[in-house]
Amino acid sequence: QWDPYFESGRAGIVHLFEWHWDTIADECETFLGPNKFAGVQISPPNENRIIDSRPWWERYQPISYVLGTRSGDRAALQNMVDRCNAVGVRIYADIVINHMCGGGGTGTGTAGTYFDANTEDFPAVPYSAADFNDGNCYTSSGGIENYGDANQVRNCRLVSLLDLNQGKDYVRGKIIDFMNDLTSLGIAGFRVDACKHMWPNDLEVIFGSLNDLPTSKGFSGGSRPFIYQEVIDQGGEPITASQYLSIGRVTEFKYGINLYNNKDKLQYFSNFGESWGMMPDGSALVFLNNHDNQRSHGGGGNVITFEDPYNLKIFTAFMMAWPYGVPRVMSSYYFSNFDEGPPGTQRSVNADGSCGNGWVCEHRWRQIKNLAAFSAVAAGQSVQNWWANGNQIAFSRGSKAFLAINKERYSLLQYLQTGMPSGDYCDVISGDFENNTCTGQCVTVDGSGYAHINVPNNENPFLAIHVNALC
Ligand code: AAO
């Protein structure tokens with residue numbers, strides 16, 4: 001449950017936050033597959049409560065496990081998964097199993113199912129009041145009041161969301177059926193929402209009971225669904241990420257904060273990873289920002305987002321080049337308030353490959369787009385030839401790939417060991433390598449592995465070469 005089952009030659013998961021299934025299918029075929037991205041994290045696929053203003057966060061209020069949301073219905077989901085798998089791009093579903101919708105009120109969800117949140121009645125599952133944790137929560141409000149008390153964090157309501165009791169066999173069974181339904185469609189794994197708010201033992205039983213990924217969808221026999229659990233651990237609370245490491249991977253929230261806090265101290269990064277107080281490499285799912293903290297939910301602040309393109313590009317390059325964790329790239333839409341839902345129209349693609357209609361599409365920015373192929377080539381190679389000079393660094397991944405970053409106020413002009421075989425390589429940051437043609441600067445590596453490296457102090461102050469892109 002730690003292996004994302006990337007196809008070989010692929011790297012990186014892109015979170016296509018709030019994208020429609022049909023648009024994701026197109027993106028797999030026309031962009032993600034050709035550019036060697038490995039996977040997509042999709043928004044929650046099951047029915048949610050409709051909130052009048054249609055905020056993004058209504059997706060985190062399940063009404064049933066029927067597959068129908070504003071991203072599309074079951075048929076569209078199946079079609080997307082098949083089309084993405086066919087071009088080597090895996091799909092991982094964001095799933096909300098800690099709770100159902102917020103308390104109070106009645107209504108109809110996005111798939112047309114009736115619910116009553118006063119009596120905790122969700123007939124399409126079905127769940128009724130006995131399936132919720134109310135009797136196990138001892139705060140006066142019934143909600144989480146103190147993150148210092150693990151019992152209430154796990155048994156009381158998170159921001160009033162009706163808290164399911166995963167200790168019950170019946171509830172476990174419904175969650176298992178839901179997850180098995182998704183993998184039967186060819187979905188390769190899950191980002192599991194709000195794991196801090198569930199008991200690790202319950203999750204272990206649930207995830208341990210899942211079917212293997214189906215061989216009929218191209219997975220090899222015995223493949224366990226990939227699991228990455230959302231646990232926000234920045235220290236200071238009794239619930240820690242380490243309590244979940246035996247179950248699957250965990251989102252490493254210290255990663256983005258460490259990058260942000262040290263963004264002008266590149267020379268310190270030579271041992272970035274576990275020795276910085278983060279979880280072991282094989283446990284981590286890493287990212288610069290996510291859909292919450294880019295808009296001040298679930299913490300926020302102190303992270304690098306698309307609003308700082310300079311640092312976003314540089315540190316995405318570092319993330320994709322450095323061997324720690326499974327990297328995830330956030331792909332956003334523009335917003336002017338923190339609740340605003342996605343644009344009403346699907347992303348369009350401009351002549352230069354960027355997106356229109358209000359979608360940011362960080363993953364399409366040239367300097368980020370070209371990192372998937374770079375990272376895939378580097379896989380399995382160790383960091384070598386580390387070089388640092390204040391706020392300038394360079395390193396190679398074995399003899400396959402080489403990255404140099406310049407955050408000083410002057411050009412980086414050095415004769416450096418790249419570790420690579422002699423040849424003329426295409427810098428895939430200053431340009432592209434497409435149809436065997438390089439539009440970026442050429443870097444000549446001599447017979448001893450050295451090259452004259454020139455990284456100007458401009459808006460793209462880094463350089464990346466690898467053995468699959470020659471001039
Ligand atoms: C909405 C409304 C609510 C309403 C509710 C029900 O906004 O007013 O009561 O509906 O009607 C999302 C939105 C919520 C939304 C919800 C449901 O963010 O606003 O509520 O959908 O529609 C905690 C959880 C974490 C969670 C995060 C947001 O532990 O799991 O809150 N993230 C996931 C999703 C998220 C989603 C949900 C869960 C719910 O990614 O999109 O909510 O499905 C501390 C704790 C964290 C805690 C934060 C909460 O963090 O450690 O565990 O996250 O507090 O703010 C520093 C600290 C850091 C600390 C942080 C904030 O950074 O280092 O540890 O400050 O204090």
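Atoms within each ligand, like the ligands themselves, are counted from 1 in listed order.
- By the 4.0 Å N-to-carboxylate-O rule, R224 lies too far from D3 to be salt-bridged with it.
- Using a 4.0 Å cut-off between charged side-chain N and carboxylate O, E230 and R328 make no salt bridge.
- Contact atoms of ligand 1 toward S160: 6 (C), 9 (O), 11 (O) (distance under 4.0 Å to a heavy atom of the residue).
- In the vicinity of H297, heavy-atom distances shorter than 4.0 Å reach the ligand 1 atoms 13 (C), 14 (C), 18 (O), 19 (O).
- Classification of the Y65-F178 ring pair by plane angle, with boundaries at 30° and 60°, yields parallel.
- The aromatic rings of Y324 and Y255 sit parallel, their planes meeting at an angle under 30°, below the 60° perpendicular limit.
- Classification of the F37-H363 ring pair by plane angle, with boundaries at 30° and 60°, yields perpendicular.
- Both the backbone and the side chain of V159 come within 4.0 Å of ligand 1, judged by heavy-atom distances.
- Between E237 and ligand 1, an N or O atom pair is found at a separation short of 3.5 Å.
- Look at D181 and R74 and you find a salt bridge, because one of the NZ, NE, NH1 or NH2 atoms lies within 4.0 Å of a carboxylate O, short of that distance.
- Atoms of ligand 1 found under 4.0 Å from any heavy atom of A194, numbered from 1 in the order shown, are 30 (O).
- Residue contact check for ligand 1: H291 places a non-hydrogen atom closer than 4.0 Å to it.
- Ligand 1 lies less than 4.0 angstrom from a heavy atom belonging to R191.
- The closest approach between R59 and ligand 1 stays at or above 4.0 Å for every heavy atom of the residue.
- Within the structure, ligand 1 has W56 among the residues with a heavy atom less than 4.0 angstrom away.
- Less than 4.0 angstrom separates some heavy atom of H99 from each of these atoms of ligand 1: 39 (C), 43 (O).
- A salt bridge does not link K313 to E459: none of the charged nitrogens lies less than 4.0 Å from a carboxylate oxygen.
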